[in-house]
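Report on the following structure.
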Amino acid sequence: MLFFIIIAQSALAQTNRLWQGYFSFNKLSAITQRETTVYAASENAIFFQKPSDGFLETITTINGLKAENISAIHYSEAYQVLLVGNENGLLLVVNKEGSVSVKNGILTEVPVPSSVKKINHFTEDNGKVYIATDYGISVFNLNQMEFGDSYYIGDGGAQIKVIQTMVYDNTIYAVLNNFRIKKAGVSNPFLIDYAQWTYHDSGFWYGAQAFQNQSVFYNADGNVYRWNGTGYSLLFSAGIVPVDFRTTAAYVVVTSSQNVKIANASGTLVLNYNASSYPDTAVTFNAATVIDETVYIATNEVGLIQFPLSSPSNVTVLKPDGPELNQPFRLKKTTDKLFVTYGKFDFTYNPYNPNPPYQPYLFPINYFDNQQGWNTLTTDALLDARSLNNVLINPKNDKEIFVSSYFSGILKLEDLVATTLYTNTNTGTNGLESLAPGVNDVRINGSAFDSKGNLWVTNAYVTKGIKVFKSTGQWQSFDLTTAMTEPQFERYAQMAIDKNDTKWIPTFRANGLVAFNENYSNKFILIKSGTEGNLPSLDVRCVAIDNRNQVWIGTARGLRTISSVDTFITADEIQSKPIIINEVINGVELAQELFYEQVILDICLDGANRKWVSIADSGVYLVSSNGQQTLFHFTKENSPLPSNNVLDVEIDSVTGEVFFATEKGLVSYKGTATKPSDDLASVYVYPNPVRPEFTGTVKIAGLTDKAIIKITDIEGNLVYETTAAGGTIEWDTTAFGRYRVASGVYMIFISAEDGLDTAVRKVMIIR
């Protein structure tokens, strides 16, 4: 029988109260244990099961775990720390309180190419950890928490990949990727000398591990042997090519991609579990272990499989609730759901996976709501549409969802059920087009609804690249041959439609930003570089229309703005302008262009008309409504962002929560710039009461824009005053930032900008 235990990520794990992580734990790369607790690692996050209540806790970027593709983990019982090794050589140390230390010794001090710094395995012995890497062995001292020597043990002192190590009977063994084993005395003070390392024997081996006061070796002939110091005796036959070989107190465990075989000390095979035995879907294995007579198997697809050793059919899937993948591509926030798509294309808009089978990406869609957590729309339920990207809700009917595909056309969902896949075969002569005759390759990215409920899309690589699916059910196409340069080769980013129903369409190749409005005799204006529009690049990555009807344009070489969308109606050409800011450099104030020469990936507006701007390889900025002030700059170095490449930014206009889709996971920041309310009838305060253990800020939400807020103590003494920008403000519970206010009830007096609407609220503070 198959059960699923998919438990929400513990709030205790979210040490940074302003941030929330939404990580996938389907693909697990490594496992280890702490007494009866199992730890499992995904690409860049870890979860473990608390033995006291079975609840799952996570260790992610929210806790400071800045992992870079985890390749090995090890728990030290003696020192109560979790070691996390990465493919790039980074070592992270998680202590028992949950704080994370970064150890860069392999990254910065080992003089080998970065491509061979992967950490493959940990072996702990007498206060030292021997780290098997792609170049050899490095030593980490647990007493000082610092790196020691590195051993290059290939012939002649060459670098050589070490798969795993073992320490037994005062000897350290290193299993090499050429199937040979080298050894040396572990107490030898000259291990840095390659000549001190000799071949164990002439055999060919997959692995070596200590086991019950003996050592066991896994031979390339598929057999596990005991070693008595002078010779071998057969323990059991596994007959599989391992991806993981380990021992526990009572068992020897051999894992291949399709099998887990477990034998006891007498050599009896107590488990032979095949991937095909898993009843739900096709799975592959990466590692397995036995803890307290329970088998745990790390998979690539479904998280952690567990079952009693005595009852392999009683399968449970163990993982925190989360999305399917850690590579979100596009986000869409509705009133009650967050949609996540993964159907990526590269920087040149190529949707094809560069790895076999060289097809456009076929991924599901996830959506999250606070009631049910994470849900999945599977690929077959999505009619096998590939490269799904932009999710669009019909503003006239929120039950209808249209999802753009950069290979399969447009997918329509009704009540979250896919009903129609619009392609070149079913939309008529004025509808969608394939990039070449005789093939079904319809590339749709940009999409938006106009004020009449018509769906506008851009169709790449065709001359009729702008199309509309009217609310009446008819398709119409617009020929761009005379309006644009070589539209048959053009690709498009996500469009924006303004209050006049003008379409602002970013292009990739030769046409800059295209402005088009069919209501003005099919009028086109192309904003290009130089005298034709002053863009810094013809490669326009994104466009946004702000609350003051200004156009913000993100290009591959910087930012430009257009003062008003109405310019399109009255002008025959449009010049964009940079934003000039004053910046102090070496003590001198200089005029600088905002985001000069930067690759801008996305621009998103919050409720206060501020802009979240994503910069390639540089994280994300929050700038003021006019761009003159930088309010935040989040990077993976100074925040829980798992990557500095933020592909998409989406904001919950009700709560102010800002979601970041990065190339290594999804996180959010609890912002305060919510959409302003029309009146003050629904103003609320949270948390209320403020308890002693609370360390965040008090939020006052449901405000009108530019509302005036005054906070006094019960005797009427003013302790804080501000003006709202958007629908929410924060109070740090201090008296104008000087000192924390005392316990008591505080009055909150609120008035609209014109003074005609007022509200009064209370908040209790308990110190």
Side-chain angles (χ1 to χ4, degrees), residues 345 347-350 443 445-448 456-467 477-498 500-546 549-580 593-603 611 613-616 627:
F345 40 76
F347 199 75
T348 63
Y349 296 88
N350 180 2
R443 302 193 178 185
N445 180 23
S447 59
W456 290 83
V457 302
T458 51
N459 195 159
Y461 290 104
V462 300
T463 57
K464 297 179 180 180
I466 298 178
K467 301 180 184 296
S477 296
F478 296 86
D479 195 318
L480 309 179
T481 305
T482 59
M484 293 169 53
T485 301
E486 297 183 322
Q488 68 272 24
F489 301 119
E490 194 56 271
R491 283 140 278 179
Y492 307 92
Q494 176 61 33
M495 76 168 74
I497 299 181
D498 67 23
N500 303 316
D501 280 340
T502 301
K503 292 81 191 169
W504 301 84
I505 304 171
T507 73
F508 165 71
R509 186 174 175 271
N511 293 283
L513 181 66
V514 177
F516 166 70
N517 195 320
E518 78 286 1
N519 298 315
Y520 292 86
S521 302
N522 290 343
K523 181 179 180 180
F524 279 92
I525 296 180
L526 271 60
I527 301 97
K528 302 174 77 172
S529 57
T531 59
E532 296 181 84
N534 193 36
L535 292 183
S537 170
L538 292 178
D539 180 2
V540 180
R541 293 277 125 185
C542 55
V543 63
I545 312 297
D546 75 6
N549 295 308
Q550 294 181 326
V551 184
W552 287 62
I553 310 163
T555 82
R557 296 185 62 184
L559 177 74
R560 291 291 185 269
T561 63
I562 298 170
S563 59
S564 173
V565 298
D566 293 335
T567 304
F568 173 87
I569 299 173
T570 58
D572 293 325
E573 61 180 34
I574 298 175
Q575 291 289 311
S576 65
K577 296 180 180 180
I579 293 177
I580 305 301
E593 181 180 312
L594 181 64
F595 302 129
Y596 176 70
E597 290 288 315
Q598 299 297 303
V599 179
I600 299 176
L601 300 179
D602 192 29
I603 301 172
K611 283 77 181 178
V613 183
S614 169
I615 306 294

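Atom set for the values below is all heavy atoms of this structure, side chains included, hydrogens, waters and symmetry mates excluded.
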Over all heavy atoms of both residues, which pair between A493 and Y349 is shortest? Give the atoms and the distance, please.
CB-OH, 3.4 Å
Any side-chain heavy atom of L538 sitting closer than 4.5 Å to one from R509?
no
Could you check R560 against E593 for side-chain contact (heavy atoms from CB on, under 4.5 Å), going step by step and ending with a plain yes or no?
CA-CA 10 Å; R560 291 291 185 269; E593 181 180 312; 2.8 Å; yes
With no hydrogens and no angle check, is any side-chain donor or acceptor of Q494 less than 3.5 Å from a backbone partner on V543?
no
Roughly how far, to the nearest 0.5 Å, is CD1 of I527 from CG of L513?
4.5 Å
Does the side chain to side chain donor-acceptor pair (under 3.5 Å) test come out yes or no for K577 and T561, once each step is laid out?
CA-CA 5 Å; K577 296 180 180 180; T561 63; over 6 Å; no
Could you check T507, L535, T485 and say which one makes a side chain to side chain contact (heavy atoms under 4.5 Å, CB included) with K528?
T485
Show, in sequence, the C-alpha distance, side-chain angles and deciding distance for R443 and Y461, and conclude whether the side chain to side chain donor-acceptor pair (under 3.5 Å) test is met.
CA-CA 8 Å; R443 302 193 178 185; Y461 290 104; 4.5 Å; no
Going by an N to O cut-off under 4.0 Å, is there a salt bridge joining K503 and E518?
yes
Residues passing the salt bridge (charged side-chain N to carboxylate O under 4.0 Å, His left out) test with E532, sequence neighbours excluded, are none
Check the orientation of W456 and F478. Use parallel for under 30°, tilted for 30 to 60°, and perpendicular for over 60°.
parallel
Can you confirm whether N459 sits close enough to S477 that some side-chain heavy atom of one is under 4.5 Å from a side-chain heavy atom of the other?
no
When every non-hydrogen atom of G533 is compared with those of Q575, the smallest separation belongs to N-NE2, 3.3 Å
About how many Å separate CD of E573 and OG1 of T531, when rounded to the nearest 0.5 Å?
8.0 Å
Nearest non-hydrogen partners of T555 and P536, listed with the distance:
OG1-CG, 3.3 Å
Side-chain contact test, heavy atoms from C-beta onward, threshold under 4.5 Å: evaluate it for D602 versus V613 and give yes or no.
no
CD1 (I574) and OG1 (T567) are apart, to the nearest 0.5 Å, by 6.0 Å
Shortest non-hydrogen contact from A571 toward I525
O-CD1, 3.4 Å
Greater than 12 external heavy atoms within 6.0 Å of E486's CD
yes
Nearest 0.5 Å please: distance from the CZ atom of F508 over to the OG atom of S537.
9.0 Å
With a 4.5 Å heavy-atom cut-off, do P578 and L594 have their side chains touching?
no
Modelled atom types, side-chain donor and acceptor of D566 and N500, under 3.5 Å:
yes
Quick check: are there more than 12 heavy atoms from other residues, nucleotides or ligands sitting under 6.0 Å from NZ of K523?
yes
Would T502 and I497 satisfy side-chain contact (heavy atoms from CB on, under 4.5 Å), going step by step from the backbone distance to the final call?
CA-CA 6 Å; T502 301; I497 299 181; over 6 Å; no
Single hit among Y492, F524, W504 for ring pair (Phe, Tyr, Trp, His ring centres under 6.0 Å) with F516:
F524
Would N511 and E490 count as a side-chain contact (heavy atoms from CB on, under 4.5 Å) if you check the C-alpha gap in whole Å, the side-chain angles of each, and the deciding distance to 0.1 Å?
CA-CA 8 Å; N511 293 283; E490 194 56 271; 2.7 Å; yes
Hey, are the side chains of D546 and K611 touching, using non-hydrogen atoms and a 4.5 Å cut-off?
yes
First locate atom OG of S564, then atom CD of Q550, and finally report the distance between them rounded to the nearest 0.5 Å.
8.0 Å
Indicate yes or no: at least one non-hydrogen side-chain atom of V540 is less than 4.5 angstrom from one of I553.
yes
For R541 and F347, run side-chain contact (heavy atoms from CB on, under 4.5 Å): C-alpha distance rounded to whole Å, both residues' side-chain angles, the deciding distance at 0.1 Å, then the answer.
CA-CA 9 Å; R541 293 277 125 185; F347 199 75; 3.5 Å; yes
Tell me whether E597 is salt-bridged to R557, with the criterion being a basic N under 4.0 Å from an acidic carboxylate O.
yes
Can you tell me how far CD1 of I505 sits from CE of M484, rounded to the nearest 0.5 angstrom?
7.5 Å
Check: S614 side chain, L601 main-chain N or O, donor-acceptor pair, under 3.5 Å:
no
Looking only at non-hydrogen atoms, find the nearest pair between K464 and K467 and report the distance.
O-NZ, 2.9 Å
